[in-house]
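Please read the structure below before turning to the comments.
Naming: A, B, ... by sequence-line order, numbering from 1 per chain. Since the structure is predicted, the reported quantities are computational estimates derived from the model, not experimental observations. Values below: every heavy atom of this structure, side chains too, minus hydrogens, waters and symmetry copies.
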Protein chains: 2
Amino acid sequence: MVISPTEENYLKAIYHLQALSEVVSTTHLAQKLQTKPASVTDMMKKLQAKNLLHYTPYHGFSLSAEGRKTALHIVRRHRLWEYFLAEKLSFEWNEVHEVAEELEHIGNKKLIEKLDAYLGFPQFDPHGDPIPDSRGRMQQPELVPLSTAPIAFTGVLQLVTDQSKDLLEHLASRKLRIGTRLELRSRSAFDGSVDIKMGSKTLTLTRQLANHLLLKQI
Amino acid sequence: MVISPTEENYLKAIYHLQALSEVVSTTHLAQKLQTKPASVTDMMKKLQAKNLLHYTPYHGFSLSAEGRKTALHIVRRHRLWEYFLAEKLSFEWNEVHEVAEELEHIGNKKLIEKLDAYLGFPQFDPHGDPIPDSRGRMQQPELVPLSTAPIAFTGVLQLVTDQSKDLLEHLASRKLRIGTRLELRSRSAFDGSVDIKMGSKTLTLTRQLANHLLLKQI
DNA sequence: ATAAAAATTTAGATTAGCCTAAAAATTAAC
DNA sequence: GTTAATTTTTAGGCTAATCTAAATTTTTAT
Ligand SMILES: [Mn+2]
Ligand SMILES: [Mn+2]
Ligand SMILES: [Mn+2]
Ligand SMILES: [Mn+2]
C-alpha cells in the first residue's frame, strides 16, 4: 500500500498522542500538526479507508494494528536519522529533529537496514528515545523523573520528555546531555527545585525542568 | 524562493539535457521525466515566472543563470548522497541513483555542508560524475572514450555515460568499476569491439559499450 | 432538561501537479 | 509554396491536501 509523506506525518502524530490518551481527538491532532480540524477530519476518513485507523465520527480515533506498525516504522526511520545526524555529522541534539522530519519519509527498506547496521544498531536516539528495531520492538528501561527521585539517587540522564528548542538549549548551556551521570543532592521544600552534582560541579534545576528529565539508575 | 521537489526534478532534467543541446524541447523533457508534453508546458510557465528559465513558446527553453545555479545545487546533493550510499552504506553503484533521487530534495543547507565534510569533500560520485562544490564548481578532467582511444592507451575508468541498470550490471559482472586501471590492446576492424587488459585478465567489450566508458589517461 | 458553548463534520473553494483531447503553430515533404 | 506530419499549447478535468464558513453533534452549565 502506498502511504504519502503527509499520511505518514499524521500516523506518527497519532502514535505520539496515543501515549497520552488511547483515543485521540480532532482538535488535539490538528494542534499537533499545525493544521485545521477540518483537514484532520478529511485525513481521518482516508486513513480509515486504508485500514490504518479506527475512527468513530465525533468520538476520536486510534491506530489500527497495521497503522501502529506503520507508525513504528516511521518513528524508527526518524530516530535512526537523528542518531546519524548527531553521531556522524555532529549536529547539535536540538537541530536533528527538523532534518529528520524530512529524512524519515524516504521509505527505501534497504536504505534503513543498511543505515541501522552502519550506525551499529543504536538503541536510543540523541534525546534518549528508544529506536524501534525492524520489527517495531524497542527497549523501555525503567526511568525515574528527576523531580520525584529520592535524595542521593544516582543515575544517568536517559530521556528528555520536552524536546522544545528552549529546553534543549537550556540543557546544552549547562553541558547536560543524554548519558550524563548525576546525583540528586537535595530538593527544596519551598519550590521543588533540585540541586544535583554532575562531575565536580553542582547546579540547581527548577522543578519544571527536573520533571522532564528522566534518569536510569546505575 | 521556495522550490518544490517536482520543480527541482524539472530543473535537474533540463540541466542534464542541456549537455546535449543548449535549448531543450518539450517532448524531449517529457520523455526524460516520464510525463506528458502538456505537463511540461505547464511547468515551464511556472519556472519562467520564477525566473529560473528562458522560455519562448514553441521554441524550447534553457535555464537562466539562477536556474542553472539551482540545478547545480541539486546535482551536488544527488551526487553527495550517491557517494555516501556507496562508500558508507556499501550500496552497489547501480542501486544508488534511485535512493539519491529522493534524498536530493532535502534542502537543509547545513546538512549538505556537513555531509560533504564528513565524506571528505569527494570530487566524483560512484559513476565518476564530478560533484559540484558549494559554489557549483566541479572538476572536469580530460576524458577519452574507450571506443576512440588509441591502441595501447592506458588509463583508469573515470566515467560511465549510460547509467542504465543493464549497463551497470554488465560492468559489475566483469568487475569493471570506476577507478579500474585498464589498457586498450586492440580494436576490431570488423565490429569495433575492443580487447582490453585489466590486471592479468583480458576481456572483449562491444563498441556500443566502449562508447560509454570514458578513461582518464595515467 | 434545556440552553449555551465547544468540538466536529460537511460544503464549497483553492492550489499543485498531472492527464486527455482539441486547437494552434512549426517543420517537413512534395 | 502549399499540404501533410509533427510538435506544442490550450482547454477542461482529476486527485491530494489544504482552507474558511456553515451545519451538526456533543459536552457543559445552569
Ligand atoms: Mn515528517
Ligand atoms: Mn528524537
Ligand atoms: Mn529527484
Ligand atoms: Mn551518479
- request: Using heavy atoms and a sub-4.0 Å distance, could you list which residues of residues 66-75 of chain B are near DNA chain D? By number, please.
  value: none

message: Distance check needed: D:dT9 C1' versus B:F61 CZ, whole Å only.
response: 12 Å

task: Whole angstrom is fine here: how far is it from CG in B:L47 over to P in C:dA16?
output: 12 Å

message: Just verifying a value: how many Å separate A:S193 OG and A:Q208 CD, rounded to the nearest 0.5 Å?
response: 12.0 Å

- request: For A:M43 and for A:P57, find the nucleotide of DNA chain D with the closest heavy atom, then tell me which residue's nucleotide is more 5'.
  value: A:M43

field: Selection residues 14-73 of chain B - residue pairs positive for ring pair (Phe, Tyr, Trp, His ring centres under 6.0 Å), sequence neighbours left out
entry: none

statement: Taken in chain and number order and not counting sequence neighbours, the residues that satisfy ring pair (Phe, Tyr, Trp, His ring centres under 6.0 Å) with B:F84 are A:F84, B:W81

task: For A:R76, check side chain to side chain contact (heavy atoms under 4.5 Å, CB included) against everything at least two apart and list the hits.
output: A:L80, A:I112, A:E113, A:D116, A:P132, A:S134

message: According to side chain to side chain donor-acceptor pair (under 3.5 Å), who are the partners of A:R79, at least two apart in sequence or on a separate chain?
response: none

- prompt: Quick one: side chain to side chain donor-acceptor pair (under 3.5 Å) partners of A:S21, sequence neighbours excluded?
  reply: none

Residue list, ring pair (Phe, Tyr, Trp, His ring centres under 6.0 Å) with A:H97, at least two apart or on another chain: A:H78

Residues 30-40 of chain A, side-chain donor-acceptor partners within the protein, below 3.5 Å, at least two apart:
none

query: Just how far, in rounded Å, is P of C:dT10 from CG of A:D42?
result: 9 Å

message: In whole Å, I'd like the distance from the NE2 atom of B:H59 to the C1' atom of C:dA25.
response: 8 Å

field: Strand-adjacent residues in residues 5-21 of chain B, judged by heavy atoms under 4.0 Å from DNA chain D
entry: none

query: What are the residues of residues 28-39 of chain B, sorted by number, that bring a heavy atom to within less than 4.0 Å of DNA chain D?
result: B:P37, B:A38

message: Mind checking if A:Y55 touches a base, just sugar-phosphate, or nothing, with heavy atoms under 4.0 Å?
response: sugar-phosphate

query: Are A:E92 and B:K110 within salt-bridge range, i.e. N to O under 4.0 Å?
result: no

- prompt: Taking only N and O in the side chain of B:K45, is any of them less than 4.0 Å away from OP1 or OP2 of D:dT9?
  reply: no

- prompt: Separation of B:Y58 atom OH from C:dA24 atom C1', in whole Å?
  reply: 4 Å

query: salt bridge (charged side-chain N to carboxylate O under 4.0 Å, His left out): which pairs involve residues 156-167 of chain B, sequence neighbours left out?
result: B:K165-B:E169

- line: With sequence neighbours left out, the residues meeting side chain to side chain donor-acceptor pair (under 3.5 Å) with B:Q163 are B:D129

